[in-house]
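Numbers for residues simply follow the sequence, beginning at 1.
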Amino acid sequence: QSAHRAGLRSFIRYGWRWSWRVAAFVTVFNTVSTGLSVYRNKTTISNYASAGALTGALFRMHLGLQGLAGGFMFGTAFGIPAGGFIMIIQKLAGETLQEKRNRERRELYEQKLAEWQSRLSVTEVLGQMESNTQGGPEVEEARE
């Protein structure tokens, strides 16, 4: 029981030291890969490789030029399989993020188009009603 408590204490103590590093790494990786996907309007393995390379280089930059190059290579080496795994999971789910983004964009466009057309038809109806009411008194004067 004391060994269990000691293990739990060390997990809490050292887990905190690593948790913020892992969270920062994942945040940078996801930001770069998502940014590249949105900018290029497609999702490819090269986006994940670039994100891994940039993140690895960023986290090894404090070790100098060799650390930067090593982090670049390490990040690329792990970014490619991670990206492939993510893309396979998306395909198995039935819809990739790119397809979802395009579908949502198309649905929003169709919704705005329908709204615009309904407003246009209301404007046309109001214009016809206005022309009918303006012609009304003139027609009555002509009858007298």
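What you find for Thr31 and Thr27 is that their closest heavy atoms are OG1-O, 2.7 Å. Minimum heavy-atom separation, Gly7 to Ser10: O-OG, 2.9 Å.
Residue Leu68 is grouped with residue Val32 when hydrophobic side chains (ILVMFWY) are merged at heavy-atom distances under 4.5 angstrom, including chains of intermediate members. When hydrophobic clusters are built by joining Ile, Leu, Val, Met, Phe, Trp and Tyr residues whose side-chain heavy atoms come closer than 4.5 Å, directly or via intermediates, Val26 is not grouped with Ile89. Note on Trp20: it does not cluster hydrophobically with Leu58, by side-chain heavy-atom contacts below 4.5 Å among ILVMFWY residues. Residues Leu54 and Met61 are members of one and the same hydrophobic cluster, defined by side-chain heavy-atom contacts under 4.5 angstrom among Ile, Leu, Val, Met, Phe, Trp and Tyr.
Annotation: the span from Ser37 atom OG to Asn30 atom CG amounts to 10.5 Å, rounded to 0.5 Å. A distance of 7.5 Å separates CD1 in Ile88 from CG in Leu92, rounded to the nearest 0.5 Å. Distance CD1/Ile86 to NZ/Lys91: 14.5 Å, rounded to 0.5 Å. For the atom pair CG (Asn102) and OG1 (Thr96), the distance works out to 8.0 Å, reported to the nearest 0.5 Å. Here Ser50 contributes atom OG and Ile45 contributes atom CD1; the two are 11.0 Å apart, rounded to the nearest 0.5 Å.
Ser33 and Asn47 share no donor-acceptor pair across their side chains, judged by distance under 3.5 Å alone.
When the side-chain contact (heavy atoms from CB on, under 4.5 Å) test is applied to Phe25, the partners found at least two apart in sequence or on another chain are Thr55, Phe59. Evaluation of the side-chain contact (heavy atoms from CB on, under 4.5 Å) rule for Arg21 yields Arg17, Trp18 as partners, not counting sequence neighbours. With sequence neighbours excluded, no residue satisfies ring pair (Phe, Tyr, Trp, His ring centres under 6.0 Å) with Phe29. Annotation: ring pair (Phe, Tyr, Trp, His ring centres under 6.0 Å) contacts of Phe74 (sequence neighbours excluded): Phe78.
Counting only residues at least two apart or in different chains, salt bridge (Lys or Arg N to Asp or Glu O under 4.0 Å) contacts with residues 36-60 are absent. Listed by first and then second residue, the salt bridge (Lys or Arg N to Asp or Glu O under 4.0 Å) pairs that reach into residues 104-114 are Arg103-Glu107, sequence neighbours excluded.
Within 6.0 Å of CE on Met87 lie more than 12 heavy atoms contributed by other residues, nucleotides or ligands.
Residue Tyr48 forms a side chain to side chain contact (heavy atoms under 4.5 Å, CB included) with just one option from Thr43, Leu36, Thr76, Ile80, and that option is Thr43.
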